[in-house]
Every structure is written in C-alpha cells, then in structure tokens.
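A short write-up of the structure that comes next.
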2 protein chains.
Amino acid sequence: MKAAANGSDAKPNLTAEDWARAALEVMAAGGLDAVAVEPLARRLGVTKGSFYWHFPNREALLRAALERWERRETEEVLARVGDEPDPYARIVKVFKEANAGYRSGRLYLAIAAAEDNPLVREFVQRVSERRMQYLVQCYEALGFDATRAQHWARFAYATFMGNLQIRRDTPDLMPGGAPFNEYLKLMIKTLIPRSAADVTPVVEENHPHVVPLRRATDGT
Amino acid sequence: MKAAANGSDAKPNLTAEDWARAALEVMAAGGLDAVAVEPLARRLGVTKGSFYWHFPNREALLRAALERWERRETEEVLARVGDEPDPYARIVKVFKEANAGYRSGRLYLAIAAAEDNPLVREFVQRVSERRMQYLVQCYEALGFDATRAQHWARFAYATFMGNLQIRRDTPDLMPGGAPFNEYLKLMIKTLIPRSAADVTPVVEENHPHVVPLRRATDGT
DNA sequence: CTTGAGCCATACGCCCGCGTATGGTTACAT
DNA sequence: ATGTAACCATACGCGGGCGTATGGCTCAAG
C-alpha cells in the first residue's frame with residue numbers, strides 16, 4: 001500500500017491535511033459554521049465525493065482542523081521565543097511577536113467564538129491554558145511568587161487578547177507604525193517589570209514619587 | 001390606524017421588543033446564527049406566523065435586536081458611572097463594574113464574533129468606539145495628553161476585553177472571590193495612575209499630583 | 001350583530017448542507 | 001491485460017431554516 005506520495009508535486013490529488021488547512025482558512029474568515037463540506041469542496045475545486053473519502057463526516061474534519069491548529073499553535077510559540085534565556089527578554093519577545101501578527105490571533109478569535117461546540121471548547125481550553133502556563137512560568141522566573149505570577153500572566157494575556165479583539169472590531173482604533181510601537185512600549189513597560197522587586201508593595205521605605213494608591217477595591 | 005396599545009399588561013401577545021430581546025438572549029448563548037426565526041418562535045411558544053407579522057424578514061429582527069443592544073449598552077454605561085466627578089474614581093468605577101458582570105460582556109463577544117455581517121459590524125464598531133472615546137476622555141481628565149490618553153485607554157479597554165475572553169474560554173483561569181479582588185486591584189493600580197505625573201517621563205518640572213479635572217463629557 | 005384590524009397557525013415551495021450509494025477514472029502491481 | 005486501491009463525480013433522500021399564502025381566532029368599534 002505505499003504511503004501516498006503527497007509531495008509538493010503538481011498532483012491535483014488532495015490529502016486530509018489539505019482539507020484541514022482549508023477548513024482553518026474559512027474558519028478564520030467566517031467562523032465555525034463556515035466550515036461546511038460542500039462549500040469547502042467547491043473552494044477546493046472538487047465535490048463531496050472527495051471529502052467523504054478522506055473523512056467519515058464533518059466532525060472528523062473539525063477535529064483534524066483543530067488538531068492542526070493546536071499543533072501549529074504550540075510549535076509557533078516555541079519557535080517564537082527560541083532559546084531566550086533571560087525571562088524578561090523572553091516575555092518581551094513573545095509579547096511583541098504575538099502583537100505583531102494578526103492572522104494567528106484572528107483565527108483564535110474565530111475558533112474561540114464557537115465555544116458552545118464541546119469539541120472546540122476542549123481545544124481552545126488546552127491552547128489557552130498552555131499559553132497562560134507558559135506566561136506564568138516566565139513571571140515566576142522574574143521572581144514573582146506563584147500567586148503574583150498568575151495575576152501578572154493573566155493580566156498580560158488578557159491585554160494581548162483584548163488587543164486582538166480591538167484590531168478585529170475597530171481596526172481604526174489600533175494604530176500602526178510608530179504610534180503602535182509607542183503603544184507596545186507602554187504595555188511592555190507596564191506589564192513586564194524588570195524584577196518582582198519593582199512592583200511588590202514595599203510597605204516600608206519606597207521609591208520617591210510613588211503614590212501609595214489608596215484602597216480602591218472594596219469587597220461586595 | 002391607531003397605534004398598537006402594547007402596554008405592559010398581562011397580554012400574552014408578543015411585541016417586536018419581545019422578539020428582539022429573545023434574539024439577544026439566544027445570540028448570547030449560540031451566536032448570530034442561533035438567531036433563527038423558527039427556533040425563536042418555538043422558544044416563544046408561537047410559530048413563524050407571529051414573527052412575520054412583526055417583522056418583514058430576519059434581517060429586520062437582527063437590526064431591532066442590535067438597536068436594542070446598542071441602546072441598553074450605552075444606557076448601562078452611563079448608569080454605571082453615575083455622576084462621579086473625580087476622573088480617577090470614575091475609571092475605577094467603570095472598570096470594576098465592567099469586570100464584575102459577565103452577561104453583558106458575553107453578549108458583546110457573541111455579537112462581535114459575527115463581524116463578517118456588515119450590519120453587525122456597524123453596530124459593534126459604534127459601541128466599541130463610544131466606549132473607547134469615553135475612556136480616552138477619562139484619561140485626559142487625569143492629565144494625559146491626547147496621545148497618551150489614547151494609549152492608556154486602549155490599554156485598559158484591551159485588558160477588560162481580554163478578561164472577558166479568558167472568562168469565557170478558560171473560566172478556571174479566572175479566579176473568583178478574594179483572589180479576583182486582588183487581581184482587580186493589581187489591574188486598577190497598574191492601569192489607572194492617579195495622575196499623569198506618575199507615568200509621564202518628567203521632562204520639565206510639573207505640578208505634584210494635581211488633577212486638572214476638565215469636563216469629560218462633551219456633546220457633539 | 002357585523003366589521004375590521006391585530007395576532008397567530010397551518011401549509012406549501014424553495015434553498016442548501018449533510019450523509020450515502022454507486023459508478024467512473026487513474027495509477028500501480030502482478 | 002487485468003485486478004486493485006486511491007481518488008473523485010453524480011445522484012438521491014433527508015432535515016431544517018426562510019419566506020409566502022391563506023385562513024382562523026379575538027376583541028373593540030360601530
């Protein structure tokens with residue numbers, strides 16, 4: 001039986017991976033419901049006959065697409081950060097890279113929007129938790145205790161996610177070029193203290209013009 | 001022709017508002033595509049016959065629902081902040097209130113997820129820009145210049161939106177109770193400096209912590 | 001009592017996506 | 001050359017949502 005030689009030849013034959021890739025493409029553009037067999041087949045220049053040869057049903061395609069997404073997502077993160085040893089530089093790097101590209105983020109938003117689908121929810125949860133876990137480790141490497149690292153990681157991750165949302169919903173409110181770099185610098189400076197000592201409330205002697213910040217949160 | 005006396009009586013008769021409200025409910029749960037005429041009719045205990053009496057087609061329902069959403073959304077914001085004169089307290093208030101409730105945010109995420117629909121996109125853009133504009137004014141009232149206020153407002157808004165997303169996608173990563181209050185406190189402390197002097201690089205001497213406090217609401 | 005407007009039910013045709021059945025075409029092996 | 005497996009096309013039935021046509025019920029006005 002010889003594995004199908006699905007090289008990059010000029011063979012018009014499709015593979016399951018091709019379908020999964022196409023599924024992710026249309027999903028990024030039109031959401032989960034856009035992943036329909038017949039439209040996808042048209043898009044790929046074939047008919048359903050092809051699809052139901054590679055997959056038993058639509059859900060199998062969904063699963064394949066989500067697996068491809070999860071795989072490439074984690075690979076990407078690891079590729080981004082590389083082997084940066086300094087935790088500060090590591091966070092800066094991952095934050096900048098994450099805010100630079102939009103394709104990946106847009107895809108996440110599209111997938112996460114279908115959280116009612118239990119299959120989707122499962123994948124989104126794993127990917128999201130993995131990202132957060134990574135960030136938490138980074139902040140712990142900066143000297144934060146577990147709780148504070150959790151808070152800062154969540155804070156940074158939320159900011160990143162919100163930026164994605166803003167880019168999608170109101171792109172005119174998200175600057176590009178130099179202003180964006182200024183914005184990025186502000187976020188980095190704010191979200192990534194050089195060490196835990198910079199932010200932990202030092203009750204005794206504190207640095208010059210830091211306002212004590214009255215208790216703003218009262219319990220319910 | 002006599003206007004329909006659609007009072008709040010115990011009349012089992014449905015009104016267009018009832019349909020719009022129901023549309024928003026299912027939209028929060030199942031996204032835009034969940035707003036289907038027949039399922040909605042079943043949910044309301046009637047049939048399509050009723051729907052096509054109140055609306056010419058599905059798009060009209062969408063529009064009505066979105067208008068209701070936009071209206072209540074802006075009302076809600078104004079109601080939240082009340083007449084708080086201090087800009088610092090104002091931001092704190094709106095940020096805390098916004099992060100407290102989840103229903104409203106979940107609805108936003110569901111609606112914004114259907115940004116491919118031009119009608120939806122129009123409403124989402126307006127609502128989102130209005131929120132941002134309000135935040136920008138708050139930060140300007142804190143003493144920031146236009147550019148910096150923009151940056152901080154976007155920063156804060158992104159964080160808020162990201163928190164929503166995290167709550168939806170990975171609720172176990174978003175704490176509740178005391179830890180959440182700690183988290184909130186951290187964000188507020190970080191995102192809302194008491195005055196611009198605390199964060200702007202002091203190029204020339206500036207006044208201590210004086211808040212200019214100029215009116216934040218200007219009519220168009 | 002009759003009329004008419006408001007409100008809804010029923011029934012129909014249409015489109016479109018899912019899944020299946022089945023047949024056709026290409027390529028490779030023997 | 002012939003069988004076989006990979007790959008795809010064609011055709012069908014089904015479900016379900018949209019929109020329309022039309023008829024029934026209710027209540028208030030006259």
Side-chain angles (χ1 to χ4, degrees), chain A residues 1-23 25-27 29-66 114 116-120, chain B residues 1-23 25-27 29-66 114 116-120:
Chain A
M1 43 160 148
K2 189 171 292 189
N6 60 352
S8 50
D9 299 349
K11 178 158 48 170
N13 272 357
L14 295 178
T15 96
E17 276 293 308
D18 293 330
W19 284 94
R21 169 179 25 251
E25 286 172 7
V26 302
M27 183 141 47
L32 181 63
D33 312 282
V35 183
V37 176
E38 285 165 331
L40 261 184
R42 282 194 291 272
R43 180 188 170 90
L44 291 176
V46 293
T47 66
K48 300 193 301 183
S50 170
F51 175 83
Y52 284 100
W53 197 89
H54 297 284
F55 297 93
N57 49 32
R58 179 175 176 268
E59 168 154 353
L61 171 64
L62 255 312
R63 191 180 301 274
L66 289 172
D116 44 298
N117 184 317
L119 186 62
V120 169
Chain B
M1 42 160 130
K2 190 171 297 186
N6 59 352
S8 50
D9 299 348
K11 180 162 44 173
N13 275 356
L14 295 178
T15 95
E17 276 293 308
D18 292 331
W19 284 93
R21 170 178 28 250
E25 285 172 6
V26 302
M27 183 142 41
L32 181 63
D33 312 281
V35 183
V37 175
E38 287 164 331
L40 260 184
R42 284 194 291 272
R43 180 187 170 91
L44 291 176
V46 294
T47 66
K48 298 193 302 182
S50 169
F51 174 82
Y52 284 99
W53 167 254
H54 298 283
F55 298 93
N57 48 33
R58 180 175 175 268
E59 169 155 355
L61 171 64
L62 257 310
R63 190 180 302 273
L66 288 172
D116 44 298
N117 185 317
L119 185 63
V120 169

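All values derive from a computational prediction rather than experimental measurement. Note that these values count all heavy atoms, side chains included, but never hydrogens, waters or copies made by symmetry. Per chain, numbering begins at 1; letters A, B, ... match sequence-line order.
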Give the rounded distance in Å between these two atoms: [atom1] of [X] and [atom2] of [N].
X: N13(A); N: dA5(D); atom1: CG; atom2: C1'; value: 12 Å
X: Y52(A); N: dA9(D); atom1: OH; atom2: C1'; value: 15 Å
X: F55(A); N: dC8(D); atom1: CZ; atom2: P; value: 12 Å
X: E38(A); N: dG15(D); atom1: CD; atom2: P; value: 16 Å
X: H54(A); N: dA5(D); atom1: NE2; atom2: C1'; value: 13 Å
X: D33(B); N: dG17(C); atom1: CG; atom2: C1'; value: 13 Å
X: L61(A); N: dC18(C); atom1: CG; atom2: C1'; value: 13 Å
X: L14(A); N: dT25(C); atom1: CG; atom2: P; value: 19 Å

Do the side chain of [X] and the main chain of [Y] share a donor and acceptor less than 3.5 angstrom apart?
X: R58(A); Y: V35(A); value: yes
X: D18(B); Y: R21(B); value: no
X: H54(B); Y: E17(B); value: no

Would you tell me if any nitrogen or oxygen in the side chain of R42(B) comes within less than 4.0 Å of OP1 or OP2 on dG17(D)?
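Looking at the OP1 and OP2 atoms of dG17(D), one of them is under 4.0 Å from a side-chain N or O of R42(B).
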OP1 or OP2 of dC18(C) sitting under 4.0 Å from any side-chain N/O of N57(A)?
no
Would you mind telling me which of [options] lies closest to the side-chain atoms of [X]?
X: W53(B); options: dG6(C), dA9(C), dC8(D); result: dG6(C)
X: T47(A); options: dG6(C), dC18(D), dA9(D); result: dA9(D)
X: V37(B); options: dC18(D), dC18(C), dA9(C); result: dC18(D)
X: S50(A); options: dG17(C), dC8(D), dC18(D); result: dC8(D)
X: P39(A); options: dG6(C), dG17(C), dC18(D); result: dG17(C)

With rounding to the nearest 0.5 Å, note down the distance linking CZ in F55(A) to CG in L61(A).
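That separation rounds to 5.0 Å.
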D116(A) CG to L32(A) CG distance, which is reported to the nearest 0.5 Å
7.5 Å
On DNA chain D, compare the nucleotides closest to P56(B) and G49(A); which residue's is nearer the 5' end?
G49(A)
Whichever of A36(A) and F51(B) has its nearest DNA chain C nucleotide further upstream toward 5':
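In this pair, the answer is F51(B).
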